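First up is the structure itself, then whatever we jot down about it.
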Amino acid sequence: MIEIRDLEKIYPNSTTALTKINLTIEKGEFVYVVGESGAGKTTLLKILHGEECSTTGYIKYLGKDIRNIPSHTLKRKISFSYQDFMLIEDRTVFENITLPLQFIGESLRSLASKSFTILEAMKLKDKMYKLVKELSGGEKQRISIARAIIANPEVILLDEPFGNLDKETAGKMMPYIEALNEKGTTIIMATHHMLEENSTPKRIIKLKKGRIINKEYV
Ligand SMILES: Nc1ncnc2c1ncn2[C@@H]1O[C@H](COP(=O)(O)OP(=O)(O)O)[C@@H](O)[C@H]1O
Ligand SMILES: [Mg+2]
């Protein structure tokens with residue numbers, strides 16, 4: 001489904017963030033991307049999402065070079081929950097999470113019903129009409145995950161999704177993400193907080209200084 005070949009990223013300030021990344025991800029896989037801070041995890045996800053361009057190499061999505069897929073099409077198929085949330089602070093939770101659906105012309109009733117379902121799963125349904133700036137870091141993080149999930153993408157990229165959550169809250173989110181994966185959604189999760197309780201098998205890609213140093217399964 002995703003084919004990454006000889007990918008290299010050198011930022012304009014000459015920082016090399018990724019070197020010779022080769023990786024194939026099949027539909028329905030659950031992949032952890034792990035590594036210390038600065039290893040290149042976020043850069044890899046941003047290139048997959050079309051936000052950054054690779055310096056050399058390419059990524060194919062379903063056989064097509066992602067540079068040849070229009071950005072709005074790619075972003076509908078591959079969604080991203082950002083490490084730093086990227087939410088609109090002075091808008092409500094409802095407005096933020098339904099943003100990906102407004103572009104495809106969904107009715108208000110359908111938007112409200114989908115939001116309610118997802119916020120209930122995230123234990124945040126009482127926050128639906130609150131402004132994002134009134135929420136805690138952990139709540140914002142779950143809203144960012146909800147926004148990535150709501151439009152039913154084929155691939156979900158999660159960048160440190162549990163970074164601001166206590167273990168208990170993270171433990172409640174994981175089964176929900178695993179359930180999406182079981183239904184066929186491909187999940188790629190950058191993390192350095194790997195949860196010990198994994199109910200489904202996952203693949204681990206270990207990055208160090210921009211290189212893949214290990215590929216294994218847990
Ligand atoms: N926009 C940028 N401009 C220049 N260097 C960057 C930029 N973003 C990240 N880097 C650098 O690229 C490397 C990888 O960063 P990043 O992908 O954020 O790693 P991680 O997510 O694993 O912490 C680091 O050395 C970081 O400082
Ligand atoms: Mg990062």
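None of these values were measured; they are calculated from a predicted model. One-based numbering, in listed order, for ligands and for the atoms of each. As a basis for the values below, the full set of heavy atoms in this structure was taken, side chains included, without hydrogen atoms, waters or symmetry mates. FYI, the numbering just counts along the sequence from 1.
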Criterion side chain to side chain contact (heavy atoms under 4.5 Å, CB included) against Tyr82, the qualifying member of Glu160, Gln141, Arg147 | Arg147
Might you check, step by step, whether the distance between atom 26 (C) of ligand 1 and some protein heavy atom is under 4.0 Å?
-> no
Rounded to the nearest 0.5 Å, what separation is found between the CD1 atom of Ile149 and the CD1 atom of Ile177?
-> 5.5 Å
Contact with ligand 1 for Gly35, non-hydrogen, under 4.0 angstrom = no
Check: Glu36 main-chain N/O paired with Lys41 side-chain donor or acceptor under 3.5 Å | yes
How about Asp6 and Thr56: do any of their side-chain heavy atoms sit closer than 4.5 Å?
-> no
closest protein heavy atom to atom 10 (N) of ligand 1 is Tyr11 CE1, 3.3 Å
Checking heavy-atom distances from atom 18 (O) of ligand 1 to each of Val33, Thr15, Thr42, the winner is Thr42
Using a 4.5 Å cut-off on heavy atoms from C-beta on, say whether the side chain of Ile2 contacts that of Ile188.
-> yes
Please state which protein non-hydrogen atom is closest to atom 19 (O) of ligand 1 and give its distance, to 0.1 Å?
-> Gly40 N, 3.1 Å
Is any NZ, NE, NH1 or NH2 atom of the basic residue among Asp65 and Lys60 found under 4.0 Å from an Asp or Glu carboxylate oxygen of the other?
-> no
Looking at Lys9 and Ser54, what are the two nearest heavy atoms and their distance?
-> CD-CA, 4.5 Å
Between Ile10, Thr43, Val34, flag the one that comes closest to atom 16 (P) of ligand 1 by a heavy atom.
-> Thr43
Ala17 heavy atoms within 4.0 Å reach ligand 1 at atoms 12 (O), 13 (C), 14 (C)
Answer yes if a protein heavy atom lies under 4.0 Å from atom 12 (O) of ligand 1, otherwise answer no.
-> yes
Taking both backbone and side chain into account, is any N, O or S atom of Thr42 nearer than 2.8 Å to the Mg ion (ligand 2)?
-> yes
Distance filter under 4.0 Å to Glu36 heavy atoms, resulting ligand 1 atoms = 22 (O)
Nearest non-hydrogen atom to atom 20 (P) of ligand 1 belongs to which of Gly38, Gly210, Ser14?
-> Gly38
Of the backbone and side-chain N, O or S atoms of Gln83, does one lie nearer to the Mg ion (ligand 2) than 2.8 Å?
-> yes
Considering the heavy atoms of Asn13, write down every atom of ligand 1 situated less than 4.0 Å from one of them.
-> 4 (C), 5 (N)
Before accepting this row, confirm whether a basic side-chain N of the pair Glu139/Lys130 lies closer than 4.0 Å to the acidic partner's carboxylate O.
-> no
Quick one: do Arg203 and Glu26 make a salt bridge, cutoff under 4.0 Å?
-> no
